[in-house]
Amino acid sequence: MIPMTNKHIVLGVTGGIAAYKSAETVRRLRDAGAEVRVVMTRAATEFITPLTMQAVSGHPVHRQLVDTQAESGMDHIELARWADGVLVAPASANFIAKLAQGIADDLLSTLCLATEAPVAVAPSMNRQMWTSPATQSNLSTLQNNGIRLFGPASGAQACGETGPGRMLEAEELAALTAAMFETGELAGLRVLVTAGPTWEPIDPVRIITNRSSGKMGYAVATAAMEAGARVTLVTGPTALTPPERVDCIRVMTAQEMFDAVQQHITSAQIFVGAAAVADYRPAHAASGKIKRTADSLSLNLVRTPDILASVSALDPAPLVVGFAAETSDLELNATAKLRAKRADLIAANIVGQPGSGFEADENRLVLIDERGTLALPLLSKAAAARELIHHIAVLYHAKNSAENSRLAHRQ
Ligand code: C5P
């Protein structure tokens with residue numbers, strides 16, 4: 001199973017006897033690294049108590065569409081945005097019917113309509129209800145609408161009958177949920193990602209750095225890994241845990257980042273420079289701590305190597321993706337950067353505004369390449385990274401097939 005480190009999963013529980021297994025499902029999702037919030041329908045609370053679900057998930061259960069007490073602190077739109085994936089398990093025949101029709105009369109059905117995240121249902125019902133034409137046609141509608149179907153299994157049922165309609169076990173549900181994030185778009189490719197700030201020493205205790213948290217670069221590394229790539233992450237100092245299954249190289253200065261990239265770039269087909277590399281460093285780092293004696297102090301700064309431009313200059317060069325953090329004239333500056341750095345794609349975002357950019361958990365990216373501009377909505381950094389990786393995969397495969405047909409013509 002691929003890990004779901006830091007993935008936000010909403011587990012929807014509807015009214016069916018298999019709801020007794022939902023506590024176990026939460027445990028398995030959390031074991032895989034996911035952060036889980038539980039949404040229960042009214043009927044679900046007849047089968048398993050919200051207290052149990054709160055205890056295993058570590059968060060209050062969300063139950064009402066209009067929560068005047070705001071006991072759980074997030075409304076349906078916030079939850080819909082928070083989610084990287086939604087799993088409804090068990091999904092009753094009634095809930096499946098509602099979802100197929102787009103009925104939004106409670107928190108869970110509304111959330112499923114409102115989210116951009118992938119949604120999966122794990123049906124649980126009596127075999128007769130499962131095979132009924134109404135349920136079967138609702139299920140095809142759901143699948144046509146892009147909703148995934150997990151199970152059901154066949155076997156002994158709570159009603160005493162045997163047949164299809166049994167909900168999958170928690171372990172299987174967790175594995176299938178993790179697999180929702182695997183796209184395979186970059187299967188067989190190697191991706192090198194830089195992330196985080198760099199630290200440029202002034203003396204042994206002081207540095208020049210910037211406000212990059214590394215969250216965007218780490219999210220890009222995770223999304224590339226989920227797309228099937230082998231990922232090397234060259235990271236400056238951050239407070240983040242590197243994603244599992246990603247080769248992580250820790251560096252401090254721009255020069256060290258440059259050296260690490262030079263060392264590993266030749267085997268990569270795609271380079272994503274998400275690091276906020278310091279543009280200047282002190283020409284000489286003092287060997288001892290600079291004392292606070294003089295009234296003023298000047299630092300002589302020199303340019304650091306431009307890692308992105310050096311990768312674009314390679315022959316052959318990988319597909320090169322840069323980031324542009326701008327405080328104004330986003331598209332103009334980013335387009336200039338695309339050309340100046342000879343990058344294939346620039347992911348631009350406005351910084352210096354609350355809620356997006358450095359340190360925030362969300363980002364609004366504008367993707368700019370020679371073909372045009374694509375403005376993504378405000379998304380979690382994980383979702384923005386997945387969109388970016390999808391765009392990169394399309395670009396990479398288009399460039400490669402053009403290259404292949406060019407070579408074929410020359411033969
Ligand atoms: O020129 P500017 O720093 O705004 O460009 C940002 C992009 O260039 C980012 O993708 C960043 O990772 C990359 N960069 C780099 N090496 C530098 C400076 C920026 O790779 N020294």
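Just so you know, ligand 1 is whichever comes first in the structure, and atom 1 is the first atom listed for that ligand. What you see is a predicted model; the values in this text were computed from it and never measured.
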Charged N-O contact under 4.0 Å between K215 and D361: yes

salt_bridge(K7, E35) N-O dist < 4.0 Å: no

Shortest reach to [atom] by a heavy atom, considering only [options]:
atom	options	result
atom 17 (C) of ligand 1	T304, V311, V277	V277
atom 21 (N) of ligand 1	P305, G322, A254, A348	P305
atom 13 (C) of ligand 1	T198, L308, V320, N333	L308

Heteroatom distance test (K337, ligand 1): nitrogen or oxygen, under 3.5 angstrom: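 Yes, at least one N or O pair falls under 3.5 Å.
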
Identify the protein heavy atom lying closest to [atom], giving its residue, its atom name and the separation to 0.1 Å.
atom	answer
atom 7 (C) of ligand 1	F323 O, 3.0 Å
atom 10 (O) of ligand 1	G273 O, 2.5 Å
atom 18 (C) of ligand 1	D279 OD1, 3.5 Å
atom 8 (O) of ligand 1	K341 NZ, 3.1 Å
atom 16 (N) of ligand 1	I307 N, 3.0 Å

Identified ring pair (Phe, Tyr, Trp, His ring centres under 6.0 Å) partner of W82 from the options H59, H8, H62: H8

Stacked cation flag R386 on F181, 6.0 angstrom / 45 deg: no

Straight-line distance of M252 CE to T235 OG1, nearest 0.5 Å: 12.5 Å

For T209 against P197, the heavy-atom pair lying closest together: OG1-CB, 3.5 Å

pair F271-L314: side-chain heavy atoms closer than 4.5 Å: no

E116, CD: over 12 other non-hydrogen atoms inside 6.0 angstrom: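 No, because the 6.0 Å sphere around CD of E116 holds 12 heavy atoms or fewer from other groups.
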
Whether A275 lies under 4.0 Å from ligand 1, heavy atom: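 So A275 counts as touching ligand 1.
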
Sub-4.0 Å heavy-atom contact, E326 with ligand 1: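 In this structure, E326 fails to qualify as a contact of ligand 1 - no heavy atom is under 4.0 Å.
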
